[in-house]
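The structure under discussion appears below in the form of C-alpha cells.
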Amino acid sequence: MPATPASPDPTMEAIAQAVAEGRSGNTLSARQKLLELWSALGVTGDPLHRCSLAHYLADLYEDPAQALAWDVRALDAADAVTEQRVQEHHAGLHIAGFYPSLHLNLADDYRRLQSFDAATEHINAAKEHIPHLRQDAYGAHLRTAVDEVADAISRRDTTKRPSAPGPAA
C-alpha cells in the first residue's frame with residue numbers, strides 16, 4: 001500500500017516546486033521562492049516545513065558559509081519535529097532518517113571551510129545515524145557520500161565534491 005500524505009500540504013508542495021526549479025538550473029529563482037516561503041513561515045513556523053526548506057535552500061548556495069547557515073537551521077528545526085508530524089506528512093518517513101543527511105551536509109560545509117574538528121563531529125554523527133536509513137537507492141547514495149566526506153576530511157581536502165548537491169559550477 002503506497003504511503004500518501006494525510007492531506008495536501010501547500011507549503012511542502014511549494015517547497016517541492018522550488019526545489020525542482022532549482023534542480024533544473026533556475027537557482028536564483030528557486031532561492032528567491034524559498035526565501036519568500038521562509039519569511040512567511042517565520043522562525044516559529046512548522047518545524048517540518050522549516051527543516052525541509054532550509055535543507056533544500058542550503059543546496060542552492062555555492063558558498064559553503066551561506067550553505068552552513070541554512071544547514072544549521074535545518075538541523076535545529078529537525079530537533080523540533082515530532083515523529084507524529086512526519087507521519088502526518090508521509091507515513092513512510094521517520095525523523096530519524098533525516099539526521100544522516102543533515103549531519104552529512106554540515107560536515108561537508110565545515111570541511112570546505114577548513115573547520116576539520118567540527119566537520120569530524122558531524123561526519124561521526126552522520127555515521128551514528130546511518131542505521132536509520134532505508135536500504136534503497138537514496139540510502140546507498142547517502143552512505144557513499146558519508147564515506148566520501150569522511151575521506152575528504154581525513155585528507156584535509158576542501159574542494160567541492162563532484163557528487164555534492166548544489167548549483168552547477
Side-chain angles (χ1 to χ4, degrees), residues 3-5 7-81 85-86 88-90 92-95 97-113 115 119 122-123 126 129 133-134 136-149 152 157-169:
T4 57
S7 61
D9 184 333
T11 301
M12 291 301 273
E13 290 171 5
I15 292 168
Q17 289 171 356
V19 168
E21 185 173 343
R23 288 180 179 164
S24 72
N26 298 318
T27 305
L28 294 177
S29 175
R31 188 183 310 156
Q32 185 59 38
K33 288 177 181 175
L34 290 175
L35 288 170
E36 288 170 8
L37 280 170
W38 182 264
S39 291
L41 287 173
V43 296
T44 59
D46 180 335
L48 179 63
H49 292 159
R50 290 186 296 117
C51 177
S52 300
L53 189 153
H55 177 67
Y56 288 117
L57 186 55
D59 291 346
L60 297 176
Y61 287 96
E62 186 65 32
D63 178 355
Q66 289 178 302
L68 175 64
W70 289 104
D71 284 327
V72 167
R73 289 178 180 116
L75 181 62
D76 286 346
D79 288 341
V81 177
R85 176 62 182 104
V86 173
E88 287 170 0
H89 172 66
H90 193 289
L93 294 179
H94 298 281
I95 191 61
F98 288 32
Y99 286 97
S101 180
L102 295 170
H103 284 290
L104 167 67
N105 289 355
L106 286 163
D108 208 27
D109 295 335
Y110 283 121
R111 174 191 67 82
R112 292 190 61 215
L113 293 166
S115 183
H122 282 284
I123 204 65
H129 290 285
L133 289 174
R134 289 187 274 188
D136 59 7
Y138 178 72
H141 169 76
L142 280 181
R143 287 177 184 86
T144 298
V146 166
D147 290 342
E148 289 173 356
V149 171
D157 180 357
T158 61
T159 58
K160 184 175 179 178
R161 293 179 297 118
S163 64

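For the single chain, residues carry numbers from 1 onward in sequence order. Nothing here was measured: the structure is a model prediction, and the numbers come from that model.
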So do the side chains of [X] and [Y] get within less than 4.5 Å of each other, counting heavy atoms only?
{"X": "His129", "Y": "Leu102", "answer": "no"}
{"X": "Arg85", "Y": "Pro47", "answer": "no"}
{"X": "Leu142", "Y": "Leu104", "answer": "yes"}
{"X": "Arg134", "Y": "Leu93", "answer": "yes"}
{"X": "Arg31", "Y": "Leu57", "answer": "yes"}
{"X": "Leu48", "Y": "Phe98", "answer": "yes"}
{"X": "Thr11", "Y": "Leu53", "answer": "no"}
{"X": "Leu133", "Y": "Tyr99", "answer": "no"}

About how many Å separate [atom2] of [Y] and [atom1] of [X], when rounded to the nearest 0.5 Å?
{"X": "Asn26", "Y": "Lys33", "atom1": "CG", "atom2": "NZ", "answer": "8.0 Å"}
{"X": "Arg23", "Y": "Leu60", "atom1": "CZ", "atom2": "CG", "answer": "9.0 Å"}
{"X": "Asn105", "Y": "Asp109", "atom1": "CG", "atom2": "CG", "answer": "6.5 Å"}
{"X": "Ile123", "Y": "His103", "atom1": "CD1", "atom2": "NE2", "answer": "10.5 Å"}
{"X": "Leu75", "Y": "Cys51", "atom1": "CG", "atom2": "SG", "answer": "8.0 Å"}
{"X": "Ile15", "Y": "Asp9", "atom1": "CD1", "atom2": "CG", "answer": "7.5 Å"}

Shortest non-hydrogen contact between [X] and [Y], atoms and distance:
{"X": "His141", "Y": "Ser163", "value": "CE1-O, 4.4 Å"}
{"X": "Leu37", "Y": "Ala14", "value": "CD1-CB, 3.8 Å"}
{"X": "Tyr56", "Y": "Leu34", "value": "C-CD1, 4.4 Å"}
{"X": "Ala107", "Y": "His122", "value": "N-CB, 3.7 Å"}
{"X": "Ala30", "Y": "Ala18", "value": "CB-O, 3.2 Å"}

*Which residues pass the ring-ring contact (aromatic ring centres under 6.0 Å, His included) test with His49, sequence neighbours left out?*
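None.
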*Arg50 side chain to Ala77 main-chain N or O, any donor-acceptor pair under 3.5 Å?*
no
*asked:* Checking the side chain of Ser24 only, and the main-chain atoms of Glu21 only, is there a donor and an acceptor separated by less than 3.5 Å?
replied: yes
_Pair Arg111 + Asp108: basic N to acidic O under 4.0 Å_ =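 The answer is yes: the pair qualifies as a salt bridge.
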*Parallel, tilted or perpendicular, as decided by the 30° and 60° cut-offs, for the rings of Trp70 and Trp38*: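 The arrangement is perpendicular - the two ring planes meet at more than 60°.
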*Glu13 and Gln17: side chain donor to acceptor below 3.5 Å*: no
